[in-house]
Amino acid sequence: MKKDGSGKTDLFLGLDLSTQGLKGTLIDADFRVAAEDAVSFDGDLPEFKTEGGVHRRPDGLTVTSPPLMWVAALDLLFARVKSGGWPLASVAAVCGSGQQHGSVWLKRGARKALAKLDPARSLREQLTDAFSVADSPVWMDAGTQKQCDEREAALGGPQAVADLTGSRAYLRFTGNQIARIYADDPAAYERTDRIALVSSFAASLLIGDYAPIDTSDGSGMNLMDVRKRDWSRAALEYTAPGLAAKLGPIVPGHETVGTLHAYYVRKYGFSPQCPVVAFSGDNPNSLAGLRLQRAGDVAISLGTSDTMFGYVLRPKPSGVEGHIFANPVDPSAYMVMLCRMNGSLARERVRDAAAAGSWNTFSGFLHNTPAGNGGRMGIFFFEPEITPPTRNTGVSFFDADGKRIDTLPPEAEVRALVESQFISLRLHGEGIGLMPSAILATGGASANREILRVISDVFGAPVYTGEQTASASLGAAYRAMHGWMCKREGRFVPFAEAMSGAPPFARAVEPDAAAHEAYNRMLGRFAKLEESVAG
Ligand code: XUL
C-alpha cells in the first residue's frame, strides 16, 4: 500500500465492542499500530452499574448488557482519542468487532433517530428511546435451553441444525435468544423494527442507518444457511414470525456498508466520505488480526481455555461440538473454531502438583521425556469440558497397555497433560475439518518452546509465533484496510494480497517426523480412552 499523493498517511481504525469495554486501534499503511485506547464499561460508565460489562439476573442464567451503555461508550472513546491528538482526519476506513451472539433490539423510529444524529447533542441523549428491549442478552446468557431443544427437534436433531447453520443449537446463539424474547414478551417483539447483532449495531451507529449483519458474525445465530450464506427460511420459521424483515440483509465481511455519518465528521473531525466496512464478531476479527489467509492456516490461542480456529475450505459441521462460521475475509471459505476448557488453568494445576510450581521444571520435564510418553496417557478434566462435551470431572491415568493406574511419575504427568491437550485438539479439529498446515501460536503459554514443540509434533506442522495476541480490534483495523482496498479496486482483493506488506511471523518450531509418527500411532488409542472417560 502506498501513501497518498498529499503526503498524508492513510490510517485505518479498528474498534472492538467487547463484553467489558470498547477499544480502538489505529494502524498505518505499513501495518504499524499508531495508537490504541479503550473505555471500560464498569470503570468509565459506572452509572450503568455493570460488573464485567454485564448484569446478571437472580435466576443465574440470564445475562444482559444495556445497549445504551455501548452507545455512550462510543462518544466517550471518540472524545478521548480526539483530545489525545489522534489524526482522525487521516482515517481512510473504519471497521469493527463486537462480542458474538448478543442482540440489539431497535424499535420503530430508531432508523430516523440514527439518520438525524445532531453533533450538538450526545449519542446517548438522542438514542435513549431507540430500544424495544432495554437489556440485550449477551453471549454469557444461558436461559434458552427450551428454545434450543425445540429448534433441534423441529429441524431434525443437532446434526441437522449443524449441517444447516454450522453449529448445533447453542444457548448463547442469537436465534434461540430471539425465540425466547418472542415467547416471553411478544409485545416487545412486535414493537421491534430491527434486530441487530452487537457488531452490526455498532456499525449502524457509525453510518446513521441500519447496517447489515455480516455473514461471519451471522453464523453465530443458528439462523443462517452457512453454505448459502443467507438466512435459512426453515431456521427463521422456528424462531419468530416476520423475522426476515426484522433482521434485514446479510453481507460478506469485506463489504463497505456505508460512510461515516456527518455527526462524527463535525464532532470529531473524521474526513467526510470515510467508508465503514461491515463489522463482524470478535472471533472472526481475531482470525483477521492473526492474518490467517489461506486454507490450512490455523491459530491456537493458549489462554485460560485453549481455542483453535482456522481458515478452512471444506468444513465438516458437527452436531456435537465446534462451530463453522463463514470466513470474514474470504467469501468462498469458512472459519472453523473449537474451544477446550481445560487449557492454561490445567497446565498451572499440573505445574503446581508435579513441577513444584515452576515453569522451568515443567519445561525441563517436557524436554527430557520422549514424544509419546512411553505409551502412558492421561485425561485431565479439571473442569467440565466443552471439547469433548462432558460433565465428568477428574484426572485419569493409563499405562502403556491402557490399564488405569493411580499416578504417573511427575515428569510423565507433565508430558501426559500437554500431549493430551493437543492430541485432543487434533482429533476433534480433524472431526470438523480443521487440518493445519501451519500453526500460529498465541497467548501466554506460546512463550514456552517445549509446549510449542509438542504442538508442532502432534500436528506435524510448523509453529509460528509473533508478539501479536488474538486482538479483535487489530483484526478490525486490518479488515478496514482490506475492505477499503476491495472498494477502491472494485474487485475482491484476496486477504493475503492485502496483508502482503505485513511483517512475517517468526517460524519457531519445525515438526520432527519420528515424533509425529509416534503421535499418529497414539490417536486411535487416545480417542477410545478419552471417550471412556467423557462418557
Ligand atoms: C464465541 C463466544 C465468545 C464471545 C466473546 O462463540 O461466545 O467468544 O464472542 O466475546
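Throughout, numbering of the chain's residues begins at 1 and tracks the sequence. Counting convention: from 1, in listed order, for ligands and their atoms alike.
Between D214 and the options S219, S280, S200, a side chain to side chain donor-acceptor pair (under 3.5 Å) holds for only S280. Test L434, L425, V454 against F459 for side chain to side chain contact (heavy atoms under 4.5 Å, CB included) and you get one pass: L425.
A donor-acceptor pair shorter than 3.5 Å cannot be found between the side chains of Y478 and N285.
Scanning the protein heavy atoms around atom 7 (O) of ligand 1, the nearest turns out to be R172 NE, 2.7 Å. The nearest protein atom to atom 5 (C) of ligand 1, hydrogens excluded, is given as D282 OD2, 3.1 Å; this is a heavy-atom distance.
Of all atoms in ligand 1, numbered sequentially from 1 with element shown, those under 4.0 Å from a heavy atom of H101 are 1 (C), 2 (C), 6 (O), 7 (O). Within ligand 1, counting atoms from 1 as listed, the ones closer than 4.0 Å to a heavy atom of Q99 are 10 (O). Within the listing of ligand 1, atoms 1 (C), 3 (C), 8 (O), 9 (O) sit less than 4.0 angstrom from a heavy atom of N283.
Contact check on R180 versus D141 returns a salt bridge, with a Lys/Arg side-chain nitrogen under 4.0 Å from an Asp/Glu carboxylate oxygen.
Shortest non-hydrogen contact noted between P67 and A134 is CD-O, 3.0 Å.
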